[in-house]
Each structure stands twice: as structure tokens, then as C-alpha cells.
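These notes are about the structure you will find just below.
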Amino acid sequence: MNVTIEGQVFDVQSGVSCRDALKGALSGKKFKNVVACRCNGTPLDLTATVPADTTTIEPVFADSPEGIELIRHSAAHIMAEAVQKLFPGVKVTIGPAIDSGFYYDFDYERPFSVDDLEAIEAEMQKIVAAAHPFTRTEMTKDEAVALFEGMGETYKVEIVRDIPADTVSVYRSGDFVDLCRGPHIPDTSFVKAFKLLSVAGAYWRGDEKNRMLSRVYGTAFADPKALKDHLHQIEEAKRRDHRKLGQQLDLFAFHEDVAPGMVYWHPKGMLLRTILEDFLRKEHLKRGYELVQGPQLLRREVWEKSGHYDNYRENMYFTVIDDNAYGVKPMNCVSHMLIYKSHLRSYRDLPRRMFELGVVHRHEKSGVLHGLLRVRQFTQDDAHILCRPDQLEAEIIGVIALVRDLMGLFGFDYRIVISTRPEKSIGSDEDWDRATNALIGAVATAGLSYTINEGDGAFYGPKIDIKVTDAIGREWQLSTIQVDFTLPDRFDLVYIGQDGERHRPVMVHRAILGSLERFIGVLTEHFAGAFPTWIVPVQARLLTVTDAQNDFAMGARDQLVAAGLRVEADTRNEKLGYKVREAQLEKIPYILVVGDKEVEAGGVNVRLRNGENLGLKTLAEVAEMIRADCQEPFKRGGMSYSFS
RNA sequence: GCCCACAUAGCUCAGGCGGUAGAGCACUUCCUUGGUAAGGAAGAGGUCAUGAGUUCAAGUCUCAUUGUGGGCUCCA
């Protein structure tokens with residue numbers, strides 16, 4: 001038969017293995033790099049016979065994304081074999097390849113610890129060196145059940161029973177046998193670079209009602225250099241850790257014994273946060289939002305009415321005041337409803353866009369708290385838009401424009417995910433269709449691409465999630481835009497239409513940065529602590545060479561502060577090198593050195609935080625430079641920055 | 001919440017087999033006035049997370065509590 005391989009047509013005899021078919025078609029060097037293949041798109045082992053109707057065979061190379069996944073999955077098998085050898089009686093469960101590596105979950109008499117990793121790794125090295133081939137066997141489910149029951153692998157038996165197909169495949173490599181869809185790499189020696197990274201507990205099937213298993217994480221690559229790069233990337237992420245930087249830069253702290261999961265903002269961090277908040281308020285006012293604020297504590301009855309008491313009680317804090325039960329707000333929407341209801345609204349009044357930097361409390365489980373990224377008290381840049389149905393799409397377009405401008409301002413790339421109606425949901429099909437189409441239409445109008453996440457919407461309406469990518473390629477979800485059909489109903493919100501009748505407004509919940517705490521955490525990691533000049537707490541610091549320049553430096557500082565800049569003077573009795581080092585470590589954008597020469601010339605010597613030296617500048621020039629630097633990011637969006 | 005690891009000075013960390021606590025940085029004082037990433041000296045600073053237990057004796061061993069870190073399906 002004629003088969004296309006890498007764009008060329010070859011005559012492949014029937015009954016020939018994929019390995020032999022490819023060997024004849026590829027150069028020796030290329031062939032050595034092949035770990036599996038796809039025949040007419042179906043992934044197969046190299047040992048498989050080329051299927052009769054095959055028209056194309058695509059080699060899967062070790063360094064392709066698919067190849068790396070196979071290597072990782074195979075590494076998981078190798079790890080399981082090593083663990084079985086070292087810890088007799090261990091039961092294996094599942095071990096997939098994941099984005100950054102692989103893991104395998106084990107059930108053993110004791111949990112594994114990081115101290116076990118070294119021994120497991122050494123055992124794996126032996127298996128890799130032995131180059132055991134992976135061999136595939138197909139069998140019926142009953143045969144597989146008997147096989148795994150015979151081995152005492154009860155978890156595997158459970159998995160086999162759950163598989164809908166009639167037959168399953170089993171892979172052997174060395175002494176290890178595992179249920180596996182495949183394909184696999186030809187033999188264990190193809191795992192050329194791997195490392196075990198950590199251990200963790202993990203529930204069987206991710207359900208906390210099930211038994212806790214012992215998970216071992218590792219990663220593997222096609223070659224040692226790629227592994228080294230990956231480990232370097234892990235180090236880089238550590239270097240950018242906002243918890244570490246937050247302490248080094250003295251932005252914020254936690255007092256675990258006083259308020260776990262709640263932030264203490266130190267002066268520098270609070271300054272940064274305040275600049276961000278002020279900017280957000282102004283920007284929202286420019287875009288037709290109104291600033292509002294509701295109370296922290298609301299009577300329990302209102303949470304019952306909103307549905308939070310039924311659906312969200314676990315995450316709420318309650319207290320009793322004068323025999324009345326109160327709930328601390330976990331969301332701002334209820335108050336915004338009440339503000340809407342304070343007047344009878346006309347169709348002419350709509351849309352109303354209510355913006356609140358709302359402080360909310362949510363009782364997150366203790367184990368999920370994580371620096372600023374997961375806290376129990378946080379501030380949302382929250383808004384609720386109440387509009388007529390015919391205004392919905394235009395409103396969403398406005399929100400997306402704001403997302404685009406804000407993400408552009410910080411230099412984040414992002415992608416858009418639209419989630420549609422889930423099985424368990426309320427509202428008419430008509431409402432859902434209209435709202436979902438409005439979301440899709442708005443994203444299309446904005447000229448942005450999106451993906452659809454079928455059935456992942458909230459029970460009360462469809463939503464748009466925006467996932468941003470930071471400077472080192474990690475993805476974060478910040479913004480969310482959700483249409484809500486329930487709350488306007490529950491609170492009986494109305495407006496009087498042109499026809500004189502009462503109508504139900506549509507509600508949109510939206511948060512762009514999400515939580516300010518979380519956003520500042522992400523920003524810190526994104527910029528590795530070197531914040532853009534417009535938002536950095538200290539924009540410039542004057543350093544005196546000796547105390548003879550102290551008066552000049554303090555005068556210069558006052559002048560720059562009066563010009564609206566955030567400037568400090570370091571007049572301590574320390575050597576210049578020492579002061580430079582400190583300012584540099586604090587990632588202050590402009591370091592202004594003042595010695596006798598500068599005093600004489602009436603200026604300062606400018607050093608940037610990247611170490612570059614700009615030489616002597618007048619104070620007016622410095623002020624202009626800093627202002628221009630502040631404006632720079634705003635040129636990308638339709639926004640401006642003011643120094644008031 | 002659950003599993004593992006961890007909790008010692010403001011910060012980063014040492015403290016063999018149980019015998020009354022140590023460094024660097026930061027801080028205070030003094031000397032030093034030094035031109036772009038750490039000048040020198042002295043001093044002060046700790047109920048070893050909290051509470052029990054074992055022991056003649058606990059930072060060290062055991063248990064509990066609180067908190068922190070890594071995780072808790074990316075479905076063979």
C-alpha cells in the first residue's frame with residue numbers, strides 16, 4: 001500500500017511494523033529520535049503493525065510536545081516499577097503525564113517523604129539503563145480484572161471495571177505491568193532526562209471522602225538540557241515568589257497568629273495599592289460607572305433572600321448582634337441590588353453601572369490559603385451593571401474594552417473563555433441563548449478570539465473568564481464577566497419601560513482585576529518586584545556621598561515631592577556603595593546620586609535600576625523623565641495618567 | 001477539611017546519641033566622610049509557636065492545638 005510519511009509516498013508492505021515502515025523512510029539520525037507514531041491520526045506504538053487502511057504515518061519525535069508527553073507517561077511507569085521494587089506491598093493507582101511532568105499515586109502502609117525520592121530515582125536510573133522494552137497486550141476486561149486481582153492491585157481492578165470498552169490494553173516493561181491506553185516509548189532507555197520533585201497527599205479520584213494516597217511528582221524531558229531549563233524555570237518562579245518579594249520590599253505581611261489569611265498592608269504596599277485604587281476609581285468614573293459602597297454586615301434574612309444562605313453559607317462568617325443574626329458579606333451584589341431599588345427606575349435611567357472596591361470575607365479552607373493569591377479577606381474591583389435586555393451586548397462590549405485596556409496597561413497577554421449553560425441551571429432557554437449570544441457577539445465585535453467551555457457557566461447565567469499570561473508564561477485567571485438571571489428576580493428589580501409597564505432588568509457581575517490582593521500578588525511575580533514607575537511606591541531616592549550634601553538632597557527631595565513624585569532622600573552615614581546596593585535591591589527605578597560635583601552643578605547623577613548610568617541631570621529633567629516613564633504604559637490603551 | 005514536611009532573635013538559618021542557645025544581616029552607640037551592589041568596633045536582642053506528657057534533666061523524645069509550605073484527577 002502507498003503511505004505518506006513526512007510528505008513523501010512510500011510503498012509499505014502489509015504486516016510490517018510501524019518501526020520498520022518509518023525506518024525505511026527517515027534518516028538514521030531522525031529515526032533515532034522517534035518514540036511513537038500516528039497512523040491516520042491514531043497514536044500507535046512503534047511495535048504495532050501498520051493498520052491495513054493506513055494512508056499516512058506521522059512519526060512522533062521525542063522532542064515534540066506529544067513525544068515529551070509519552071516520555072513522561074512512560075517515566076511514570078518506570079517510577080511505579082521502581083517504587084514496587086523498593087516498597088513491596090505498595091498498590092499502584094494512576095500515573096498520568098501532566099503539563100509540567102508526571103505523577104503517580106500510590107497506596108502504601110506509610111506515606112512517602114522527600115527522603116524517599118533519592119532512592120526511587122536511583123532505582124529508576126537502573127531501569128532506564130536496562131532498556132526494558134514496553135510491550136502491549138490486549139485482553140478482555142474479565143481477563144484484566146483477573147490479572148490485577150491476582151496481583152492484588154485493587155485500584156486497577158476498580159479502574160478496569162469502570163472502562164466502558166470491551167477490551168483493554170496492558171503494558172509491560174521489565175517486571176512492571178500496568179493498565180494503560182498507550183502508546184509508549186519503545187523502551188525505558190528513551191527517558192533520557194528526569195527528576196523527581198516532590199511528594200504530596202492526594203485523594204483517590206480527587207474525592208476527599210476517599211482514601212488519601214501518596215503522590216510522587218516528577219518531570220522528564222527529551223534531553224538533559226530541556227530538563228535543566230525547566231529546573232531553572234522553577235528557580236525563576238521561586239525568585240519571583242510574591243511572598244518573598246513582599247517581605248523583601250516591605251509591601252505587606254501576615255500575622256498568622258492574629259489573622260490567618262488576611263493581609264497587613266505595610267506603608268509601601270499600601271501606597272502601591274492606593275495608587276492602583278485611585279486609578280481604578282477615576283477610570284470607572286470616566287466610563288460611566290457610579291461609585292457606591294455597601295455595609296460589611298447584613299442581616300441573615302437578606303442572605304436567605306439572595307440565595308447565599310442556601311448556596312454559600314459554608315464560606316460565610318456569621319455573628320449575632322442584639323439577638324439578630326448577621327452575615328459578613330462575601331460578595332457585593334446584594335447591596336448593589338438594594339441601591340438600585342432605592343428609586344423606581346425608568347428605561348431612560350439604564351444602564352446603571354455601580355462600582356465598588358468592595359471588601360469581602362470568604363471562609364476558605366485553611367489548606368488552600370496561599371500568600372496574597374488565596375486569602376480570606378480581599379477587595380474586589382467589583383461592579384454590577386443593570387441594563388435593559390437590548391443593552392446587554394453593548395454593555396459587555398464596554399466591559400471587554402476595559403479588560404483590554406487594563407491588561408494592556410500591565411503588559412499581560414490574555415485569552416478569553418466563554419462558558420455556556422450547565423446542566424444544573426435556572427432560567428429559560430430564551431434567556432440563556434440571548435445572554436450567551438450577547439457574550440459571543442461582544443467578544444466578536446471587539447475583534448478578539450475566544451474558546452467555548454460548554455456547560456461550565458454558573459447556574460445563574462453564562463460567563464466570560466479572562467486568563468492572563470505573565471512574564472514567565474504562567475496563566476492566571478483574573479477577570480470574570482457573568483450574566484445573572486436570578487438576583488433581579490429574587491429582589492424583584494424592575495424598571496418602567498417605554499410602554500409604561502414594569503420590566504425586569506438584566507444584571508451583569510464583573511470584576512476586572514478580580515481581587516486587588518491577588519492582582520498585586522500576580523503583578524509582583526510578573527514584574528519580579530520591579531514595578532512600573534507609575535505604580536512603584538518609591539520612584540526615586542536621592543543618595544548623598546557624604547553628609548555635606550544632606551541639605552541639598554533634602555531640598556531636592558522636597559522639590560520633587562512638590563512636583564507630585566514619590567521621592568526619598570537617604571542621608572544616612574553610610575558609604576555610597578552601600579546605599580546604592582540597598583536602593584538597587586529595593587528595585588527603585590531612579591537612583592539619584594548627590595556628591596560635591598552635583599551640588600556645584602545644581603543637579604543629580606542618575607542611575608537606573610538596571611544599572612545604567614545616565615550622568616548628570618537637572619531636577620527639572622529628572623522630574624520630566626519620571627513623568628514620561630509613568631505615561632509610557634498608558635500610551636497602549638485609551639487611558640491617561642494624572643499626577644493629582 | 002485531609003496527607004506529608006516545617007515552626008529557634010526583626011530577617012535568613014546552625015544547633016550529633018536529651019545536659020540551661022549560636023552565626024550572618026538588620027537594630028543601638030562610637031569611630032569613619034568614604035563617588036555607584038556590603039568600612040570598622042562595641043552593645044542590645046530569644047518563655048526555642050502554644051499546651052500537656054515522658055525524664056533527675058526537653059530547643060531536642062511523645063501527643064494535642066495553632067499556623068506556614070507543598071499537594072488533594074490535567075481522569076487507564
Side-chain angles (χ1 to χ4, degrees), chain A residues 69 72-73 76-77 92-105 107-108 110-116 141 144 148 153 155-165 168-171 178-182 197-217 238 241 243-244 247-248 250 253-261 314 363-371 543-550 572-586 591-598 605-609 611-615:
Chain A
E69 195 187 323
R72 288 174 178 169
H73 186 192
H77 278 230
V92 298
T93 67
I94 59 166
I98 55 175
D99 281 353
S100 59
F102 62 88
Y103 67 81
Y104 214 111
D105 285 348
D107 185 4
Y108 190 53
R110 67 166 175 89
F112 295 124
S113 81
V114 283
D115 302 329
D116 296 319
K141 272 169 72 173
F148 288 113
E153 295 289 4
Y155 292 93
K156 289 292 174 193
V157 172
E158 193 180 325
I159 296 167
V160 173
R161 291 214 164 106
D162 285 351
I163 293 174
V168 297
S169 55
V170 164
Y171 277 79
D178 199 358
L179 176 70
C180 187
R181 183 167 12 200
L197 297 172
S198 59
V199 292
Y203 297 104
W204 169 234
R205 301 203 153 169
D207 187 338
E208 57 184 86
K209 290 188 207 68
N210 288 339
R211 187 171 160 78
M212 175 67 72
L213 306 172
S214 200
R215 173 173 296 181
V216 179
Y217 281 97
K238 267 191 202 156
D241 190 317
R243 293 165 301 182
K244 209 175 166 73
Q247 188 181 55
Q248 278 167 10
D250 200 16
F254 288 90
H255 293 272
E256 293 87 8
D257 44 346
V258 178
E314 304 301 304
H363 183 244
E364 301 287 352
K365 291 179 180 179
S366 61
V368 305
L369 300 178
H370 181 87
L543 312 184
T544 52
V545 178
T546 73
D547 53 17
Q549 299 91 37
N550 285 0
R572 292 174 306 169
N573 176 12
E574 297 289 354
K575 287 193 160 185
L576 181 61
Y578 183 88
K579 296 183 186 183
V580 168
R581 177 184 146 84
E582 280 200 353
Q584 196 90 26
L585 289 175
E586 287 176 52
I591 296 171
L592 311 176
V593 175
V594 188
D596 282 336
K597 279 183 276 180
E598 288 75 22
N605 205 291
V606 181
R607 177 189 166 113
L608 303 180
R609 64 182 156 192
E612 192 184 341
N613 207 311
L614 302 185

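Letters A, B, ... mirror the listed sequences (proteins, then strands); counts begin at 1.
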Distance check needed: [N] [atom2] versus [X] [atom1], whole Å only.
{"X": "His255(A)", "N": "U68(B)", "atom1": "NE2", "atom2": "C1'", "value": "14 Å"}
{"X": "Leu213(A)", "N": "U73(B)", "atom1": "CG", "atom2": "C1'", "value": "11 Å"}
{"X": "Phe112(A)", "N": "G70(B)", "atom1": "CZ", "atom2": "P", "value": "22 Å"}
{"X": "Asp547(A)", "N": "G35(B)", "atom1": "CG", "atom2": "P", "value": "13 Å"}
{"X": "Gln248(A)", "N": "G10(B)", "atom1": "CD", "atom2": "P", "value": "19 Å"}

>> Classify the ring geometry of His77(A) against His73(A): parallel below 30°, tilted from 30° to 60°, perpendicular beyond 60°.
In response: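 The rings of His77(A) and His73(A) stand perpendicular, inter-plane angle above 60°.
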> When we call it a touch if two heavy atoms are under 4.0 Å apart, what does Asn605(A) touch: a base, just sugar-phosphate, or nothing?
Replying inline: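 Asn605(A): base contact, heavy atoms under 4.0 Å.
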> Val160(A) near the nucleic acid: base, sugar-phosphate alone, or nothing, with a heavy-atom cut-off under 4.0 Å?
Replying inline: nothing
>> At less than 3.5 Å, do the side-chain atoms of Tyr203(A) and the base atoms of G71(B) form a donor-acceptor pair?
In response: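 Under the 3.5 Å cut-off, the side chain and the base do not form any donor-acceptor pair.
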>> Using a distance-only criterion (donor-acceptor N/O pair, under 3.5 Å, no hydrogens), is the base of G35(B) paired with the side chain of Gln549(A)?
In response: no
>> Whether the side chain of Lys579(A) engages the backbone of Arg572(A) through a donor-acceptor N/O pair (distance < 3.5 Å, no angle test) should be reported.
In response: yes
> Is the backbone of Lys238(A) close enough, under 3.5 Å, to the side chain of Lys244(A) for a donor and an acceptor to pair up by distance?
Replying inline: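 Looks like no, no N/O pair under 3.5 Å.
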For [N], does OP1 or OP2 lie under 4.0 Å from any side-chain N or O of [X]?
{"X": "His370(A)", "N": "G70(B)", "value": "yes"}
{"X": "Gln247(A)", "N": "U12(B)", "value": "yes"}
{"X": "Tyr217(A)", "N": "C72(B)", "value": "yes"}

> If we take the C1' atom in both A37(B) and G1(B), what is their distance in whole Å?
Replying inline: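 That atom pair is separated by 47 Å.
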> Can a cation-pi geometry be assigned to Arg215(A) and Tyr103(A), taking NZ or CZ under 6.0 Å from the six-membered ring centre and within 45° of the ring axis?
Replying inline: yes
>> Reading 5' to 3' and counting Watson-Crick or G-U wobble pairs with both distances under 3.5 Å, write the dot-bracket notation for RNA chain B, | for bases paired outside the strand.
In response: (((((((..((((.....[..)))).(((((.......))))).....(((((..]....))))))))))))....
> Does G16(B) fall in syn (glycosidic angle within 90° of 0) or anti?
Replying inline: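 Glycosidic conformation of G16(B): syn.
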Provide a list of protein-nucleic acid N or O atom pairs under 3.5 angstrom, restricted to nucleotides 37-41 of chain B.
unit_1 : atom_1 : unit_2    : atom_2 : d
A37(B) : O4'    : Arg581(A) : N      : 3.4
A38(B) : N7     : Arg581(A) : NH1    : 3.3
A38(B) : N6     : Arg581(A) : NH2    : 2.5
A38(B) : N1     : Arg581(A) : NH2    : 3.1

